[in-house]
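The block underneath contains the structure these notes are about, expressed in structure tokens.
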Amino acid sequence: MAQERPVHEIRLGKVKAAIWRNETDSGPRHSVTISRIYKTETGWESSFSFGRDELPLVSKVADQAHLWIYQQSERNEPEENRSEDRSTSKNGSGSRTRTNR
């Protein structure tokens with residue numbers, strides 16, 4: 001049965017990211033839909049196209065969605081994998097590099 005509601009939403013102004021959890025054979029995976037909401041005479045509608053001035057918000061909600069998903073995957077990671085991550089550090093570019101012991 002398909003999930004009817006996202007597990008998390010991020011909204012900045014009129015731009016919204018909905019994060020969906022999908023169960024797979026190899027564990028949970030997340031997907032993201034990004035939409036723009038707007039009001040009409042009959043209520044609120046959604047669009048999946050964005051104007052020039054909305055693109056910075058698209059970037060920001062995508063970044064926040066990525067961070068939220070990353071945090072969820074760290075929370076659900078087995079302990080033996082997390083101890084391996086402790087031997088890594090971030091380099092100046094923000095990516096992780098393995099340290100030699």
Side-chain angles (χ1 to χ4, degrees):
M1 181 176 186
Q3 185 176 345
E4 294 180 22
R5 297 187 61 111
V7 294
H8 190 68
E9 288 186 343
I10 299 163
R11 182 174 166 195
L12 293 174
K14 297 178 182 179
V15 177
K16 178 174 74 170
I19 303 171
W20 306 86
R21 180 183 171 110
N22 305 298
E23 294 298 331
T24 68
D25 291 339
S26 58
R29 298 285 183 254
H30 292 88
S31 60
V32 179
T33 54
I34 298 176
S35 59
R36 175 176 52 86
I37 58 174
Y38 60 96
K39 193 168 186 173
T40 66
E41 294 174 0
T42 59
W44 289 95
E45 301 285 335
S46 294
S47 173
F48 300 104
S49 63
F50 305 92
R52 177 198 66 200
D53 295 338
E54 295 154 340
L55 291 176
L57 295 176
V58 171
S59 174
K60 288 178 182 181
V61 298
D63 186 50
Q64 289 180 16
H66 175 259
L67 177 62
W68 188 89
I69 293 168
Y70 183 80
Q71 290 170 338
Q72 302 313 300
S73 64
E74 278 192 334
R75 228 179 257 160
N76 296 327
E77 205 172 278
E79 179 61 33
E80 61 271 9
N81 291 347
R82 278 186 269 160
S83 62
E84 183 177 310
D85 276 350
R86 289 187 197 120
S87 66
T88 62
S89 62
K90 286 191 174 186
N91 65 19
S93 67
S95 62
R96 290 183 175 250
T97 56
R98 190 151 178 79
T99 56
N100 294 327
R101 291 189 183 189

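Note that these values count all heavy atoms, side chains included, but never hydrogens, waters or copies made by symmetry.
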Shared hydrophobic cluster, Leu57 / Leu55 (ILVMFWY, side-chain heavy atoms < 4.5 Å): yes
Among the clusters formed by ILVMFWY side chains lying less than 4.5 Å apart, do Val15 and Leu67 turn up in the same one? no
Any donor-acceptor pair under 3.5 Å linking the side chain of Arg36 with the backbone of Tyr38? no
Is there a side-chain contact between Asn22 and Ser31, using heavy atoms and a 4.5 Å cut-off? yes
If you round to the nearest 0.5 Å, how far is [atom2] of [Y] from [atom1] of [X]?
X: Ser59; Y: Leu12; atom1: OG; atom2: CG; result: 10.5 Å
X: Ile37; Y: Lys14; atom1: CD1; atom2: NZ; result: 9.0 Å
X: Trp68; Y: His30; atom1: CH2; atom2: NE2; result: 4.5 Å
X: Trp20; Y: His8; atom1: CH2; atom2: NE2; result: 13.5 Å
X: Glu9; Y: Thr33; atom1: CD; atom2: OG1; result: 8.0 Å
X: Arg21; Y: Gln72; atom1: CZ; atom2: CD; result: 8.5 Å

Show the numbers, then the answer: is there a side-chain contact (heavy atoms from CB on, under 4.5 Å) between Ile19 and Ile10? CA-CA 8 Å; Ile19 303 171; Ile10 299 163; 4.2 Å; yes
May I ask you to say whether Glu54 pairs ionically with Arg52, meaning some side-chain N is under 4.0 Å from a carboxylate O? no
Kindly give the heavy-atom pair with the smallest separation between Phe50 and Ser35, and that separation in Å. CE2-C, 3.7 Å
